[in-house]
Amino acid sequence: MKNQKVAKILNEIANFLEIKGDKYRPRAYRYAARTVESLSRDIKDIKKQDKLEELPGIGKNIAQKIEEIIDTGSLRYLEDMKKELSIELKSLLAVEGIGPKTIKLLYDELGVKNLDDLERMAKRHRIRRLKGMGEKTEKRILESIEFARKNSGRNLLGYTLPIAENLKNELMLLKVVDRVEIAGSIRRRKETVGDIDILVTTNKAQEVMNFFTSMENVENVISKGKTKSSVILKDNIESDLRVVDNKLFEATLLYFTGSKETNIEMRKIAIKKGLKLNDYGLFKGGKRLNLNTEKEIFQRLGMEFIEPELRENRGEIEAAMEGKLPELIGYDDLRGDLQMHSQWSDGYYSIEEMAIAARDWGHDYIAITDHTGLLQIAGGMSEEEIMAQTKEIEQLNDKIDGIKILKGIEANIKSNGELDVEDGILKDLDVVMASIHSGFRQDKEKLTNRIISAMENENVNIIAHPTGRKIQERRAYDLDLQKIFEVSRETNTFLEINSYPNRLDLSDINVKRAIETGCKLVINTDSHKKEHLKYIKLGIATARRGWAKKGDIINTLPLRRLNKLFN
DNA sequence: GCCGTTTTCGGCCCGACTGTTTTCAGTCG
């Protein structure tokens, strides 16, 4: 998993070069970073075979830098740039509307190096006096500083979960380990997570700790004890391992899964029943009750079992007491994936390759939904290309067994609310998605109306990534979501839960609101490569966190019934 | 800094949108 670290350094270089005003080298570094990031093999192995330069976007120069990163853990070239320009780039770039050029201007003119400097200058109205800046820009900077701050220091679930699962698998291979479980916000599948909490049971604690602290992926050891050890992984995430007594395992798991708020509420309920709940179990009169599973503990407290994804103190405790928890959609309930891209726009693979990968994943159907004309950077298709693609899909459906490919599209909602594809073309497609890719700084009413007019187009079936948020990058558009939910229900336009790791849009909370309003949703991956199909699990997790049942999600339906919904 | 079924040099997905401009620069996807 060193790949992520290499990619991160390459991206950092790109940021610095951009500030320096370099136009094309940043692009080269970013392209190389993307290549490294999406490798299915360990970059170290490729280096060993001396094949770095065979990777797309990696030439002699970058290959050398990658070697240095692998050998020494850091890169002289980047360290030097950091010294030359001591700016906290990443956090500044997270401020909306600020890019490299503006950062350079702010640094040169006002000496802004970090978010604190930026905030101070904005408050003193120093920014509006700079060339090209104005009152509105200054105001927007101030508004988004808080957002930028709040989002640093946590990691995307989609990035951390595989790392955590790898750790779990490695630990499970040890003979002396009996049980391993990932706890904390990862077990709850929260969209961003702090660190990786792992619990194990073993009768050879020392041996397990020795293993944990000397794993290959460990950058340095923070602490090492008999029952708890902490390390920083090379992926730049902290991981804590706790050794727990076998009998106490699930009580401890319950405690370390959280959320904190849910734990507090459950402890209050225990007290009301004359009991005491802590991380060692449930106690009565100082004596530990013999309850060894989470289920038994919930039961003894008079509650239904609460799935980890629901443990956020958002009403699940009351529902569990009343026996009214929803039966959540399962991780195996989906039959298809209705958003993915191919080489016809900005995808990496052919339709055939995507279809076969989706079939192997277990889907019964997929929709190919490439971008349309307006989005040129993403290879948007012309109307002629759309029709040609349609023909290809028909031929592939004759050729490939075991999966049905739906003819779809991801059309753009223009700033006036119209789509960038003619209705005459849309009506012949199986699935029409519409989404906003530009002009998202419009005011609330205008943005809301854009989406509503797209939903009112009878050809439109799905609104993709409805709020446009990007976790840790960009806030959601300013929308009247309640109104959108109502129109969605009335027009039978389905709202997407986009599974892409930094989108998860709708978010868990909005999923819950949409379902309460009576909307039906669809969970898609927005895959641009076949390797992205696995993200569907993140979308399902988000649906579960939003209390979604199988019946709330349309792509749990068999194709015949799904098609009826679209007609 | 990478890349090359017309190139080993000279290109590098490009248009919408906004805010600051009175013709454009920066940001975003």
Side-chain angles (χ1 to χ4, degrees), chain A residues 9-11 13-36 52-66 75 77-78 81 92-106 127-141 143-144 341 343-348 370-382 385 410-420 435-443 446-447 450 464-465 468-470 473-478 498 500 502-503 505 526 528:
Chain A
I9 290 180
L10 295 177
N11 271 322
I13 294 175
N15 287 341
F16 273 106
L17 291 172
E18 234 162 28
I19 297 255
K20 291 184 162 187
D22 201 318
K23 214 173 160 193
Y24 294 108
R25 279 151 81 218
R27 195 176 293 177
Y29 277 98
R30 272 193 223 292
Y31 184 67
R34 255 211 316 271
T35 298
V36 173
L52 285 174
E53 286 186 49
E54 287 176 23
L55 298 172
I58 294 176
K60 203 174 156 201
N61 225 305
I62 293 186
Q64 246 170 34
K65 292 192 169 72
I66 293 177
L75 185 66
Y77 178 62
L78 176 63
M81 278 198 290
L92 287 174
L93 283 168
V95 179
E96 267 174 74
I98 290 198
K101 291 276 152 42
T102 310
I103 291 177
K104 181 77 167 39
L105 178 75
L106 291 165
I127 291 174
R128 64 175 66 173
R129 287 186 229 149
L130 297 178
K131 194 169 181 238
M133 302 282 118
E135 211 173 314
K136 275 194 178 175
T137 308
E138 189 177 79
K139 209 171 142 225
R140 226 156 57 83
I141 287 175
E143 280 168 4
S144 59
H341 299 264
Q343 287 165 347
W344 284 83
S345 65
D346 59 350
Y348 281 62
D370 277 308
H371 293 287
T372 53
L374 204 64
L375 214 61
Q376 276 305 312
I377 188 168
M381 297 188 293
S382 66
E385 286 172 313
E410 183 181 7
N412 297 294
I413 305 172
K414 295 194 284 191
S415 85
N416 61 6
E418 290 171 10
L419 300 183
D420 64 345
S435 56
I436 289 183
H437 286 104
S438 64
F440 42 77
R441 288 185 209 156
Q442 287 172 329
D443 65 43
K446 224 170 163 190
L447 278 161
R450 272 169 83 180
H465 44 77
R469 68 127 172 207
K470 288 207 164 173
E473 286 174 43
R474 189 178 68 200
R475 289 176 291 178
Y477 315 135
D478 197 9
N498 188 296
Y500 217 75
N502 69 344
R503 285 196 184 269
D505 178 12
D526 204 352
H528 286 69

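Every chain is numbered from 1 and lettered A, B, ... according to where its sequence line falls, protein lines coming before strand lines. If you're wondering where the values come from, they're calculated on a predicted model, not measured in any experiment.
Exactly one residue among A/Arg27, A/Arg30, A/Lys104 makes a salt bridge (charged side-chain N to carboxylate O under 4.0 Å, His left out) with A/Glu18. That residue is A/Arg30.
Here A/Asp346 contributes atom CG and A/Glu410 contributes atom CD; the two are 8.5 Å apart, rounded to the nearest 0.5 Å. Atoms CD1 and OG1, from A/Ile127 and A/Thr102 in turn, are 10.0 Å apart once rounded to the nearest 0.5 Å.
When the side-chain nitrogen and oxygen atoms of A/Ser438 are compared with OP1 and OP2 of B/dG15, none of them lie within a distance under 4.0 Å. Applying the 4.0 Å criterion to OP1 and OP2 of B/dC13, one finds that A/Arg27 has a side-chain N or O inside that range.
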Restricting both atoms to N or O, compile the protein contacts to nucleotides 23-28 of chain B shorter than 3.5 Å, with distance only.
| from | atom 1 | to | atom 2 | distance (Å) |
| --- | --- | --- | --- | --- |
| B/dG26 | O3' | A/Thr102 | OG1 | 3.2 |
| B/dT27 | OP1 | A/Gly99 | N | 2.5 |
| B/dT27 | OP1 | A/Gly99 | O | 3.1 |
| B/dT27 | OP1 | A/Thr102 | N | 3.2 |
| B/dT27 | OP1 | A/Thr102 | OG1 | 2.5 |
| B/dT27 | OP2 | A/Lys101 | N | 3.4 |
| B/dC28 | OP1 | A/Gly97 | N | 3.1 |
| B/dC28 | O3' | A/Arg474 | NH1 | 3.3 |

Using atom names, set out every protein N or O paired with an N or O of nucleotides 7-9 of chain B below 3.5 Å, distance rounded to 0.1 Å.
none

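Between A/Glu135 and A/Asn416, the residue anchored closer to the 5' end of DNA chain B is A/Asn416, taking for each the nucleotide with the nearest heavy atom. Both A/Glu138 and A/Tyr29 lie close to DNA chain B; mapped to their nearest nucleotides by heavy-atom distance, the more 5′-ward contact belongs to A/Tyr29.
Judged by distance alone, with hydrogens and angles left aside, the side-chain atoms of A/Arg128 form no donor-acceptor pair with the main-chain N or O of A/Thr137 at under 3.5 Å.
Using atom C1' as the reference point in both B/dG11 and B/dT7, the two lie 9 Å apart (nearest Å). To the nearest whole angstrom, the two C1' atoms, one in B/dT21 and one in B/dG26, are 12 Å apart. Nucleotides B/dC13 and B/dC28, compared at atom C1', are 14 Å apart to the nearest Å. Remark: the separation of the P atoms in B/dT5 and B/dG1 is 23 Å, to the nearest Å. Atom P of B/dT20 sits at a distance of 25 Å from the matching atom of B/dG15, rounded to the whole Å. Distance noted for atom C1' between B/dG10 and B/dA16: 28 Å (whole Å).
Between A/Ile13 atom CD1 and B/dC2 atom P there is a gap of 11 Å when expressed in whole angstrom units. Atom-to-atom, CG of A/Asp443 to P of B/dC17 comes out at 14 Å; the value is rounded to the nearest Å. Rounded to whole Å, atom P of B/dC13 lies 17 Å from atom CD of A/Gln343. In this structure, A/Arg140 atom CZ and B/dT18 atom C1' are separated by 8 Å, rounded to whole Å.
Nucleic acid contact for A/Pro26: none, since no nucleic acid atom lies under 4.0 Å from a heavy atom of the residue. Nucleic acid contact class of A/Lys23 (heavy atoms, under 4.0 Å, all strands): none. Among the protein residues, A/Lys104 comes within range of no part of the nucleic acid, since none of its heavy atoms lies under 4.0 Å from any strand.
In the set B/dC17, B/dG19, B/dG1, the nucleotide with an atom closest to the side chain of A/Tyr77 is B/dG1.
By the stacking rule of 5.5 Å between ring centres and under 30° between planes, A/Tyr24 stacks on the base of B/dC12.
Aromatic ring pairs are classed by plane angle as parallel below 30°, tilted from 30° to 60° and perpendicular above 60°; the pair A/His371 and A/His341 is parallel. Note on ring orientation: taking the six-membered ring where Trp is involved, the planes of A/His465 and A/His437 are perpendicular (angle over 60°, cut-offs 30° and 60°).
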